[in-house]
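Quick caveat: nothing in here was measured; it's all calculated off a predicted structure.
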Amino acid sequence: MPTSLIQPEFLVEIDYDKCHKCGRCVQQCGWGVYSFNERPFPDDSKCRACHRCVTYCPAHCIKIKKNDLALRDNANWSPELRKNVWRQAESGGVMLTGMGNDKPYLKIFDHLVLDACQVTNPSIDPLREPMELRTYLGRKPDSVGVESNGKGGYKLKDGGGVSNNIKLDTPIIFSPMSYGSVSLNVHKSLAMAAERLGILMNTGEGGLHADLYPYGKNVIVQVASGRFGVSPEYLNRGAAIEIKVGQGAKPGIGGHLPGEKINKEVSTTRMIPQGSDAISPAPHHDIYSIEDLRQLIYSLKEASGYKPVGVKIAAVHNVGAIASGIVRAGADYVYLDGFSGGTGAAPAIIRDHVGIPLEIAIAVVDQRLRDEGIRNQASIIAAGSIRSSADAAKAIALGADVVAIGSASLMALGCHLCQGCHTGCCSWGLTTQKPELTRRVDPEWGAERLTNLVNAWSHELQEILGALGVNAVESLRGSRERLRAVGLDQQTCEILGVKPAGL
């Protein structure tokens, strides 16, 4: 009997007439696809189509092709479903994957368009007019007072009650990605870029490496159920603290970093034994009610000198009521993560079938907080497959204050979405702890690319604002009148609070 019924997903073709026989493909592949005996020989079954070998082949003689093995047509049993049955029949295990839901669900962002201004409310030229992208993350006061500035004018009394807010030069931050799931050089790239851009990166649940301490004012430190790396110093290093309750790629599922990725430095940062699995279960065993959450929020505020504390949740049914409780518990921001969000590792069955779209979650949370008169008490961060500045603008128009990007930032560093993050073999040196791979990311190079990406999106946001006839991103927040739906049903439009195009 064959050892496996599964044929390779990709085929590696080498044009040996062009091949230099230099062995570069062998060196670059983190998956062990190639062996070398006078010339490279590929093992198709190991290829993840990460394209590292294709990119670095000096002769451009390598092609990666999808293996279109003909399986009998069946509308009920797709080839993917059949392969999955074979895989699980061979392994008996849960199938893991990474980097977000790749199923063809309706992407609501792609069915929303932004309305432009023309005559009665003319557009603004963003190249000649000041366009304000600055925003503030945190609780806003119910009212503000003014006092004399001593020069015949006035100033906000006590700073307008926003002294604990975090100023962001653009409404884009980097999503939580833990040290361990990604390499230290990725974390350094994110931190350096965040500092240059005047925004924030997020540690995820893996603690803060000592090399990143100087970037603390641009870092959100996360507290997950595993409490990895959490100490008074850790809490005080960050600009804000985030309690992770859930994540969009795997709602109701905790974190699991395999022991193979827990090297000495990761173990020191996380404060766990080297080589042991790092498991943070879904429930926080000290949170079983909103009152428990409030106690943790204020414990963290007390421990950190009342820094902003946010709560990250997955987008699920009834998310509006959940967010309301979070805000009433004292959180300064709510982080909403939709089910298209990426992750280093998730059971495929959870990633692909649990949760709700981010767009719906933003709209219902923003509306719920407005209806209850507490929208000013917390900011909303939206994440979960923000793919472009257009997605960012639409998320803000639906009600978000800020968007967070994770997969896009990894793509800026070379990620090709091969979805093998959980294996620790990333050829691009991103989601691995193997020294020979992690050194492929130079933090300076990475910071420059991330800075370019966010600057480019920020310029595009300014262009969008100009087309809408507004000159501040604050004016776009929750302005759903600027959106129109194309191809969405009436009920979805009502939930989003968006009119169909033409009305």
- Task: State whether a side-chain donor-acceptor pair under 3.5 Å links H111 with R484.
- Result: no
- Looking only at heavy atoms, what is the nearest atom pair of N76 and L81, with distance? O-CD1, 3.8 Å
- Note on the structure: Closest heavy-atom pair, E205 versus G255, reported as atoms and distance to 0.1 Å, is OE2-CA, 4.0 Å
- Message: Assess whether a salt bridge exists between K434 and E260, defined as any Lys/Arg side-chain N lying under 4.0 Å from an Asp/Glu carboxylate O.
- Response: no
- With no hydrogens and no angle check, do the side chains of S340 and S385 hold a donor and an acceptor under 3.5 Å apart? no
- Find out whether Q27 and E436 are in side-chain contact, i.e. whether some heavy atom of one side chain is under 4.5 Å from a heavy atom of the other. no
- Query: Measuring from L430:CG to H416:NE2, what's the distance to the nearest 0.5 Å?
  - Reply: 10.5 Å
- Query: In Å, rounded to the nearest 0.5 Å, how long is the span from CD1 of I360 to CG of L496?
  - Reply: 4.5 Å
- N202 vs I173, side chain to side chain contact (heavy atoms under 4.5 Å, CB included): CA-CA, chis, key distance, verdict: CA-CA 8 Å; N202 191 315; I173 64 174; over 6 Å; no
- Task: Say whether S389 and E460, considering side chains only, have a donor N or O and an acceptor N or O under 3.5 Å apart.
- Result: yes
- Query: So, are D110 and R387 salt-bridged, with charged N and O less than 4.0 Å apart?
  - Reply: yes
- Is the backbone N or O of V12 less than 3.5 Å from a side-chain atom of D44, with the two atoms forming a donor-acceptor pair by type? yes
- Message: When you measure from the side chain of D401 to the backbone of I380, do you find a donor-acceptor pair of N or O atoms at a distance under 3.5 Å?
- Response: yes
- For Y16, is the NZ or CZ atom of R39 found under 6.0 angstrom from the centre of its six-membered ring and inside 45 degrees of the ring axis? yes
- Message: Counting C-beta onward and ignoring hydrogens, is there a side-chain heavy-atom pair between I349 and M95 closer than 4.5 Å?
- Response: no
- T203 and V221 have their tightest heavy-atom pair at OG1-CA, 3.5 Å
- Spell out, as yes or no, whether a donor-acceptor pair under 3.5 Å connects the side chain of S183 to the backbone of G429. yes
- Message: Checking E90 against S4 for the side chain to side chain donor-acceptor pair (under 3.5 Å) test, could you report, in this order, the C-alpha distance in whole Å, the side-chain angles of both residues, the deciding distance, and whether it holds?
- Response: CA-CA 7 Å; E90 293 172 8; S4 176; 3.1 Å; yes
- Message: I'd like to check I464 versus L114 (side-chain heavy atoms, cut-off strictly below 4.5 Å). Are they in contact?
- Response: yes
- Message: Do S178 and R270 pair up side chain to side chain, a donor and an acceptor below 3.5 Å, judged on atom types alone?
- Response: yes
- Message: Using only atom types and a distance under 3.5 Å, with no angle test, would you say the side chain of T269 pairs donor to acceptor with the backbone of L208?
- Response: no
- Would you tell me whether Q222 and E242 have side-chain atoms, one donor and one acceptor, within less than 3.5 Å of each other? yes
- Query: Does any non-hydrogen side-chain atom of R24 lie less than 4.5 Å from one of P58?
  - Reply: yes
- When rounded to the nearest 0.5 Å, the distance separating CG of L168 from CG of L197 is 11.0 Å
- For E265, does its backbone N or O pair with a side-chain atom of Q274 as donor and acceptor, under 3.5 Å? no
- Query: Step by step, would you call V266 with F228 a side chain to side chain contact (heavy atoms under 4.5 Å, CB included)?
  - Reply: CA-CA 10 Å; V266 174; F228 299 126; over 6 Å; no
- Message: Taking atom CG as the centre, does D73 end up with more than 12 heavy-atom neighbours from other residues, nucleotides or ligands that are less than 6.0 angstrom away?
- Response: no
- Go through the side-chain N and O atoms of D489 and T492 and say whether any donor and acceptor fall under 3.5 Å apart. yes
- Minimum heavy-atom distance between A249 and G341, given as atom pair plus value: CB-O, 3.3 Å
- Query: Please walk me through it: do D102 and R351 pass salt bridge (charged side-chain N to carboxylate O under 4.0 Å, His left out)?
  - Reply: CA-CA 9 Å; D102 56 8; R351 184 201 66 175; 3.1 Å; yes
- Query: Is the closest side-chain donor-acceptor distance between Q247 and T343 under 3.5 Å?
  - Reply: yes
- Expected output: side-chain K217 to main-chain A239 donor-acceptor under 3.5 Å: no
- Is the closest side-chain heavy-atom distance between W445 and S189 below 4.5 Å? no
- Taking C-beta and beyond as the side chain, do H187 and M192 meet within less than 4.5 Å on heavy atoms? no
- Message: Using 30° and 60° as the class boundaries, would you call the ring planes of F339 and Y105 parallel, tilted or perpendicular?
- Response: tilted
- Task: Please determine which of L437, V182, V441, T423 meets the side-chain contact (heavy atoms from CB on, under 4.5 Å) test together with T432.
- Result: L437
- Item | Any L488 side-chain heavy atom under 4.5 Å of L106 side chain | yes
- In Å, rounded to the nearest 0.5 Å, how long is the span from NZ of K107 to CG of L358? 7.0 Å
- Query: Can any side-chain N or O of H209 pair as donor or acceptor with the backbone N or O of D211 at less than 3.5 Å?
  - Reply: yes
- Query: Of I172, I381, I166, V473, which meets side-chain contact (heavy atoms from CB on, under 4.5 Å) against V402?
  - Reply: I381
- Could you tell me whether the side chain of S379 and the main chain of Y333 form a donor-acceptor pair under 3.5 Å? no
- Task: From the options K65, K18, K63, select the one residue that forms a salt bridge (charged side-chain N to carboxylate O under 4.0 Å, His left out) with E13.
- Result: K65
- Message: Side chains of S427 and W31: any donor to acceptor distance under 3.5 Å?
- Response: yes
- In Å and rounded to the nearest 0.5 Å, what is the CG to CG distance from L212 to L184? 6.5 Å
- Note: R480-D366 ion pair, threshold 4.0 Å (strictly below): yes
- Message: Is it the case that the side chains of R87 and N84 hold a donor-acceptor pair, with the cut-off being a distance below 3.5 Å and no angle test?
- Response: yes
- When rounded to the nearest 0.5 Å, the distance separating NZ of K261 from SG of C421 is 7.0 Å
- Message: Are the side chains of Y215 and M201 in contact, using a 4.5 Å heavy-atom criterion?
- Response: no
- Task: Check the surroundings of atom NE2 in H317: do more than 12 heavy atoms from other residues, nucleotides or ligands lie under 6.0 Å from it?
- Result: no
- Query: Judged by atom type as modelled, is there a donor-acceptor pair below 3.5 Å linking the side chain of E359 to the main-chain atoms of F109?
  - Reply: yes
- Item | Expected output: side-chain S225 to main-chain H284 donor-acceptor under 3.5 Å | no
- Query: Cation-pi between R52 and W428: NZ/CZ under 6.0 Å from ring centre and within 45° of the ring axis?
  - Reply: yes
- Can you name the closest pair of heavy atoms from A315 and G338 and give their distance? CB-CA, 3.9 Å
